[in-house]
Amino acid sequence: MTRTAVYAIVRRVPRGKVVTYGQVAALAGTPRAARAVGQAMRRCPGGVPWHRVVNSQGRVSRRRHAEGMVSQRLLLEGEGIRFVRGRIDLRRYRWRVGFRPDLLPELE
DNA sequence: GACTTGACTAGAC
DNA sequence: AGTCTAGCCAAGT
């Protein structure tokens, strides 16, 4: 998995949707590289919707230097994503690739 | 090539 | 619901 691959994936996330670090890693073909995805996002080039990447709890991950940077939360709210008690409902906002309701197993 | 450093995570208390 | 821990992976030294 390369940084470039990460950016290519994140660029495809549409407005109003989010993905998790682990999810990006899986899409890149390296399921356990969530942490490396974070590394890639740290040096994110322009043109990449970095704010649409959140952690597995639906929260905005804390950075080492949180000063002088735009609020990820504000950007997401600007796209219509609602935060409830500092969290995002991933069941609702997670971007799914090739989601096929007709192929889901029976529930209950 | 051997450390070190994280925008990570799932599991275990 | 918090707090720890042990894995993990790519980059930077």
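Small disclaimer: the values here were computed from a predicted structure and weren't measured. Throughout, a chain's letter reflects where its sequence line sits, starting with A, and its residues are numbered from 1.
In this structure, a donor-acceptor pair under 3.5 Å is present between the side chains of A/Arg3 and A/Tyr7. With hydrogens and angles left out, the side-chain atoms of A/Gln72 and A/Arg63 include a donor and acceptor closer than 3.5 Å. Side-chain contact check for A/Gln57 and A/Arg87: no donor-acceptor pair (N or O, by modelled atom type) lies under 3.5 Å.
Between the C1' atom of B/dA7 and the OH atom of A/Tyr7 lies a distance of 11 Å, rounded to the nearest Å. Residue A/Ile88 contributes atom CD1, which lies 14 Å from atom C1' of B/dA7 at whole-angstrom precision. Here B/dT5 presents its C1' atom at 7 Å from CD of A/Gln39, a figure rounded to the nearest Å. The distance between atom CG of A/Leu27 and atom P of C/dC9, rounded to the nearest whole Å, is 17 Å. Atom CE in A/Met41 sits about 18 Å away from atom C1' in B/dT5, given to the nearest Å. In this entry the distance linking CD of A/Gln57 with C1' of B/dC8 reads 10 Å, nearest Å. Atom P of nucleotide B/dG6 and atom CG of A/Asn55 are separated by 17 Å, given to the nearest angstrom.
Checked against C/dA11, B/dG6, B/dC8, the side chain of A/Arg3 finds its nearest nucleotide in C/dA11. Comparing atom distances between the A/Arg35 side chain and each of C/dC8, C/dA10, B/dA7 picks out C/dC8 as nearest. Across B/dT9, C/dG12, B/dA7, the shortest atom-to-atom separation from the side chain of A/Gln72 is found for B/dA7.
Regarding contacts with the backbone of B/dT9, a side-chain N or O of A/Ser56 is found under 4.0 angstrom from either OP1 or OP2. Regarding contacts with the backbone of B/dC8, every side-chain N or O of A/Thr20 stays at 4.0 angstrom or more from both OP1 and OP2. The side chain of A/Thr2 contributes no N or O atom lying less than 4.0 Å from OP1 or OP2 of C/dA10. The phosphate of B/dC8 has neither OP1 nor OP2 within less than 4.0 Å of any side-chain N or O from A/Arg62.
Pairing for C/dA1 is absent, with no Watson-Crick or G-U wobble pair whose two atom distances lie under 3.5 Å.
The local environment of CZ in A/Arg94 is crowded, with over 12 non-hydrogen atoms from other residues, nucleotides or ligands closer than 6.0 Å.
A/Arg32 comes within 4.0 angstrom of the backbone, heavy atoms only, and of no base. Note on A/Ala36: a base of the nucleic acid sits closer than 4.0 angstrom, heavy atoms only.
Between A/Glu79 and A/Lys17, none of the side-chain N atoms (NZ, or NE/NH1/NH2) sits under 4.0 Å from a carboxylate O, so this pair counts as no salt bridge.
Below the 3.5 angstrom threshold, one finds no donor paired with an acceptor across the side chain of A/Arg42 and the base of B/dG6.
Between A/Ala33 and A/Arg43, the one whose closest nucleotide on DNA chain C sits nearer the 5' end is A/Ala33.
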